[in-house]
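A quick write-up on the structure given underneath.
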Amino acid sequence: MKYDLLRAVNNGVNIQEMDLRVVDYARVSTASREQRKSFENQLDTYRQMIEENSHWTYAGTYSDEAVTGTKAHLRGGFQQMIQDAQAGLFDLILVKDVARFARNIKECLVYKDQLKSYGVMIWFVKENINSFLSSDEMMLKFMALGAEMEANSARTRTKIVFEQGIRKGKVYGNSKILGYTKDHCTLVVDEQEAETVRLIFDLYVHERMGLRRIAKELAERGITRKDGTQIPPRTIKTVLENPKYKGYYCGGKSEKLDMGERYVRRELPESEWVMYKDPSIPAIVSEELWDEAAQIRMERKAKFKEEVSMPCNQGIYRYSGKIISGFDNAPNVSYTRFLYRYKEIQREGWQCRNHKDFAHSSNVGPTLYSDELDAIVQGMLHDLLGGYDEMIADLMDRYQTATAGQQVETRLKALQKEQEAIERKRRKLLDLYEEDGITKAEYLARGAEHKARLDAIQSEREALNASSAKSQQMLVQLDELKHSISRMAEESTPSKETIDSLIDKIIVLGDSTKKNIHLDIVLKFVSVTQTFHIFRDTTKKTDSCICCNKVTSTSVSRTWPN
C-alpha cells in the first residue's frame, strides 16, 4: 500500500481524489488568548477539510498546546501520532505549516523520513508541500530551516528583552517568590510572607536547624503557603539560596548546551553566577545574615561530601539489598539505610521498611547497625580461614568418592594398550583383504567393529582427561578462594565487594527483639547458613555482644548508643 501511494503521488495523482485515512495535527507554543484561538481554529479548519472530502476518512486529531516546536520529545500528542503511524492507523497527516510540525530542521527531516518509511504522507497546507513528492523535498528543507531560524530569532529577541528589562530594574521569570509580589515586573515586599522568610533565616542561622526541622517548625506554628499546604524543605532551600532576599540580582545560574538531538540545560557552579547589588530589589534580610546562612550551607555541603566519600558510603551502601525480615506477618520486607547522628557519634544503621507501622509493631524487625554486621562478617571470615584446610579436605574427599573406582591413570594406560592392539588388528585385516584372504563384506564388517571400539575408547579417554583437569582446576580455584578470604579478613572494615562475594542474604528472624536479635546469614560460595545472636545492654549502653551458635566473637571496642 505505501509503495502504491508513493508511486501514485509522484505520478501526478491528486491526493484529494485518493481514498485515504486522514488525521490532522495542531500545535501552539503558549497558552495565551491569541494562541488559544489559533489552536481552536486549526482544530476546526482541518477536521472540516477532511470531513468535507468524500474520498477521505477522518481517523483522528493529534494536538499539543503550550509546547515548543523545537523539542519533539516533549510533545505528547506528536509522539503518539508517530506511534500510531507505525501501527498503520492512517495514511495522511494534515498540518497547517512546517512550523507547526517542527521548528528544528533536523527533527523535521528525521520525523518526515520516519513517517515516510511507515507509508504515511504529510501535507503542509499553507506551503502546499507534500512529503512524498520528490519535487517538494528541497522546498521542505528550506521551510524547515526558516522555521528553525525564526525560533532562534525569537529566543534571541526574548533574551534581549530580558537583558534590557534587567537594566531598567524589571524582574522577569517566576512570579511565585515567597516574600514578594510582582507589580509590573517590579518586586514588592509582602510583609506577612517576609516575616516567614526572616524566620527561616533565623532558624537556620541562629538555631542551626536543618531544612526538614525548619519545615516541621513552620507547620507547628501554623505557617503555610497561600494554598494552605505545608511549606516543603525544597522551598526553604530555595529561599536560603536566593540572593534577592538580600537585595541582589542573580543570573547566569545555568547554560544551554546543544547536544545534537536535543538541548540540555546544565547548572553552573555558584562561582560563575552573575550577581550584584540591585537597588530595584528590596531586601528582606541583611547581607550579613544571608552571607552567614551561605557559609553554613557551604560547611554542611562539605560535610555531606565528606560523609559520602567515606568507605561505607561509596556508591550503593555495603549492606543494600542484603537484609530482609523473617517475621511471619511481614516476610521478605527489605531493610533501608539511615545515618544515626548524636553529638560526636555517627553510626550507620538499617531499618525495616515498615518501621513506621506503629499499629503492628510486632511485625516490624529491629534496627541493625553496620558495625555490628561488620563484626559478624569479620568473624565469619576468620572462622572460614581457620577451618579452611579441613573444609578443602572434605570437599576433595567428596569429589574423589564420586570418582572412586575408576583409577584414572591406570585406566588411561589400559585404554592406550587396547587402542594399540586394535590398530595392529586393523593393519592385519587390511593385509588379509589385499591378499584375498577375506571378502570385502567381511573386511567392512570387521573394520566397522574396530572403528566403533576405537571411538568408544576415545570418548572414554576424553571423559577421564576432563575429570582430571576438572580436579586440578578445582584445586586452583580453592587455592584462589583461600587467598581471597585471607585478603578479606585483613580488611579493617569489610568492603562492599567482600560482602557481595560472601553473603547472599541476612534474615532477621521473627523472634528477634530490640535487645536480642537472631540472624540467619546465608553464604554464597558454600551451601551454609550460619545463625548469629546480637545481645544489647540498653541500660549500660555498652558494647553489643555477638554470638555465632555457642561461640562468642570479639566485641567492637567502642561505646555505641542504643
Side-chain angles (χ1 to χ4, degrees), residues 5-6 9-10 14-16 18 20-53 56 58-82 84-85 90-116 118-158 262-263:
L5 180 59
L6 180 65
V9 169
N10 282 280
N14 188 341
I15 62 171
Q16 297 194 53
M18 301 174 68
L20 302 172
R21 297 166 298 165
V22 186
V23 300
D24 61 305
Y25 175 73
R27 182 192 65 79
V28 291
S29 56
T30 69
S32 66
R33 181 179 299 176
E34 293 78 8
Q35 292 261 295
R36 178 65 189 173
K37 185 174 181 61
S38 172
F39 184 68
E40 292 172 352
N41 287 341
Q42 290 179 56
L43 296 176
D44 293 341
T45 300
Y46 297 105
R47 177 164 183 173
Q48 183 180 354
M49 182 184 297
I50 297 169
E51 292 178 340
E52 287 179 350
N53 190 316
W56 289 353
Y58 174 70
T61 295
Y62 299 89
S63 62
D64 290 294
E65 188 176 6
V67 183
T68 176
T70 60
K71 300 175 182 178
H73 66 281
L74 296 179
R75 291 187 273 160
F78 185 87
Q79 293 300 330
Q80 185 62 52
M81 179 176 71
I82 299 298
D84 291 349
F90 49 83
D91 310 305
L92 172 64
I93 302 171
L94 293 190
V95 189
K96 176 183 176 182
D97 53 37
V98 175
R100 297 304 98 198
F101 186 77
R103 280 189 176 273
N104 177 308
I105 184 171
K106 182 177 180 180
E107 288 188 345
C108 180
L109 299 180
V110 165
Y111 282 109
K112 181 267 296 182
D113 289 339
Q114 190 173 340
L115 288 166
K116 190 173 183 178
Y118 301 152
V120 175
M121 179 169 47
I122 314 166
W123 182 25
F124 302 100
V125 179
K126 184 177 179 180
E127 296 92 351
N128 194 24
I129 293 176
N130 189 319
S131 63
F132 270 23
L133 272 175
S134 301
S135 57
D136 284 357
E137 284 281 343
M138 187 60 68
M139 180 59 69
L140 178 57
K141 292 178 182 179
F142 279 126
M143 297 305 298
L145 178 60
E148 181 172 333
M149 291 176 65
E150 174 57 29
N152 291 335
S153 177
R155 281 196 292 268
T156 303
R157 290 195 301 270
T158 301
R262 60 192 179 96
Y263 287 96

- Message: List the residues meeting salt bridge (Lys or Arg N to Asp or Glu O under 4.0 Å) with Asp97, not counting sequence neighbours, and say none if there are none.
- Response: Arg100

- Message: Can you list everything that forms a side chain to side chain contact (heavy atoms under 4.5 Å, CB included) with Gln16? Sequence neighbours excluded, please.
- Response: Asn14, Asn53, Trp56, Trp123

- Query: Heavy-atom distance under 4.5 Å between the side chains of Ser131 and Leu115, does that happen here?
  - Reply: no

- Message: Suppose we screen for side-chain hydrogen bond (donor to acceptor under 3.5 Å, both in side chains). Which residues come up paired with Ser135, at least two apart in sequence or across chains?
- Response: none

- Task: State, to 0.1 Å, how close Phe90 and Met81 come at their nearest heavy-atom pair, and which atoms those are.
- Result: CZ-O, 3.5 Å

- Side-chain donor-acceptor pair present, Gln48, Asp44, cut-off under 3.5 Å: no

- Might you point out which heavy atoms bring Phe132 and Leu6 nearest each other, and give the distance in Å? O-CD1, 3.6 Å

- Query: Would a distance-only check, ignoring hydrogens and angles, find a side-chain to backbone donor-acceptor pair under 3.5 Å from Asn130 to Met121?
  - Reply: no

- Considering residues at least two apart in sequence or located in another chain, which fulfil the ring-ring contact (aromatic ring centres under 6.0 Å, His included) criterion with Phe39? none

- Query: Do other residues, nucleotides or ligands put more than 12 heavy atoms under 6.0 Å from the CE atom of Met18?
  - Reply: yes

- Message: To check you understand the geometry: which heavy-atom pair defines the closest contact between Asn10 and Ser134, and what is its length?
- Response: OD1-N, 3.1 Å

- Message: Using every non-hydrogen atom in the two residues, find where Gln42 and Asp24 come nearest and quote the distance to one decimal.
- Response: O-OD2, 4.4 Å

- Message: Holding to side-chain hydrogen bond (donor to acceptor under 3.5 Å, both in side chains), I want the full list of residues that pass it with Tyr25, two or more places apart in sequence or in another chain.
- Response: Asp64, Arg75

- Item | side chain to side chain contact (heavy atoms under 4.5 Å, CB included) involving Asn41 - partner list, sequence neighbours excluded | Lys37

- Identify the two heavy atoms, one from Ala26 and one from Leu43, that lie closest to each other, and give their separation to 0.1 Å. CB-CD2, 3.8 Å

